[in-house]
Number of protein chains: 2
Amino acid sequence: MFDDDLDHESGRTLSQQIADRIQKKIHSGDLPPDRAVPSESQIAQIWGVSRDTARRATRILVERGLVYTVVGKGSYVRPPEEWPR
Amino acid sequence: MFDDDLDHESGRTLSQQIADRIQKKIHSGDLPPDRAVPSESQIAQIWGVSRDTARRATRILVERGLVYTVVGKGSYVRPPEEWPR
DNA sequence: TTTCATTTGTCCGTATGTATT
DNA sequence: AAATACATACGGACAAATGAA
């Protein structure tokens with residue numbers, strides 16, 4: 001589902017690149033509303049980064065208004081009606 | 001391990017002199033492949049320079065192809081097969 | 001009720017990247 | 001070259017919340 005590697009050289013940070021890849025899956029409908037996005041542990045596993053970096057990636061998506069987080073459960077895709085325009 | 005003082009008078013910069021000293025340890029095998037070289041903080045501590053100067057020293061070794069850097073972890077001795085000839 | 005695994009929240013220490021003064 | 005500050009990243013630890021067994 002997420003297969004392309006991250007670019008450690010480009011100007012964009014690892015967490016930004018991860019957020020971008022997940023955002024594409026959201027906008028494409030691959031990750032529908034209220035569907036769980038990859039957990040921090042999964043992100044760390046998928047892209048081979050630390051949980052700290054995984055957390056940053058998730059927080060970026062929350063700040064972009066595309067994802068909401070529930071403690072103890074996970075982070076989920078926000079309905080498109082709530083996306084910022 | 002690194003005991004000789006730097007020369008603040010010579011033409012060579014402090015970072016160059018530090019890089020030279022570490023390079024000797026690499027070429028002598030005192031710092032074997034994939035062994036961590038002194039961190040920027042350690043360099044600053046050992047030779048009494050700023051972290052900025054320590055960074056420059058590490059950077060020089062990277063540019064010489066003797067060392068590779070991993071963000072968040074440190075800098076390490078590159079295997080001799082990868083050294084430029 | 002208790003136990004357990006999973007997930008996020010928080011904090012720590014260390015290291016490098018970047019920018020400013 | 002130095003001093004400082006902040007961001008990004010890695011690794012580890014423990015707490016709190018959730019839900020299932």
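In what follows, chains are A, B, ... by sequence order, proteins preceding strands, each numbered from 1.
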Taken in chain and number order and not counting sequence neighbours, the residues that satisfy salt bridge (charged side-chain N to carboxylate O under 4.0 Å, His left out) with A:Asp4 are A:Arg21
Quick note, salt bridge (Lys or Arg N to Asp or Glu O under 4.0 Å) partners involving residues 46-58 of chain B, not counting sequence neighbours, are B:Glu40-B:Arg51, B:Glu40-B:Arg55, B:Asp52-B:Arg56
Between the protein and nucleotides 10-14 of chain D, which nitrogen or oxygen pairs come in under 3.5 angstrom?
residue : atom : partner : partner atom : Å
D:dC10  : OP2  : A:Ser50 : N            : 3.1
D:dC10  : OP2  : A:Ser50 : OG           : 3.1
D:dC10  : OP2  : A:Thr53 : OG1          : 2.4

Using Watson-Crick geometry (N1-N3 plus N6-O4 or O6-N4) or G-U wobble (N1-O2, O6-N3), each under 3.5 Å, D:dA13 is paired with C:dT10
Got a sec? Which of residues 39-47 of chain A come in under 4.0 Å of DNA chain C, heavy atoms? A:Ser39, A:Glu40
With sequence neighbours left out, write down each residue that passes side chain to side chain donor-acceptor pair (under 3.5 Å) with A:Thr58, or none if nothing qualifies. none
Which nucleotide of DNA chain C is the first, and which the last, in the 5' to 3' direction, to come under 4.0 Å of a heavy atom belonging to chain B? C:dA15 to C:dT18
Using a 4.0 Å heavy-atom cut-off, does A:Ser15 contact any base of the nucleic acid, only the sugar-phosphate backbone, or nothing at all? sugar-phosphate
Report the distance from atom CG of A:Asp7 to atom C1' of D:dT8, rounded to the nearest whole Å. 15 Å
Partner residues of A:Tyr76 under the side chain to side chain donor-acceptor pair (under 3.5 Å) criterion, sequence neighbours left out: none
Contacts of type side-chain contact (heavy atoms from CB on, under 4.5 Å), residue B:Pro32, not counting sequence neighbours: B:Arg35
Sequence neighbours excluded, the answer for side chain to side chain donor-acceptor pair (under 3.5 Å) partners of A:Arg12 is A:Asp20
Pairs satisfying ring-ring contact (aromatic ring centres under 6.0 Å, His included), at least one member in residues 22-49 of chain A, at least two apart: A:Phe2-A:Trp47, A:His27-A:Trp83
Do A:Ile60 and A:Leu14 land in one hydrophobic cluster if side-chain heavy atoms of ILVMFWY residues count as linked below 4.5 Å? no
Could I get the full list of side chain to side chain donor-acceptor pair (under 3.5 Å) partners for B:Ser41, not counting sequence neighbours? none
Residues two or more places apart in sequence or in another chain: which of them pass salt bridge (charged side-chain N to carboxylate O under 4.0 Å, His left out) with B:Glu81? none
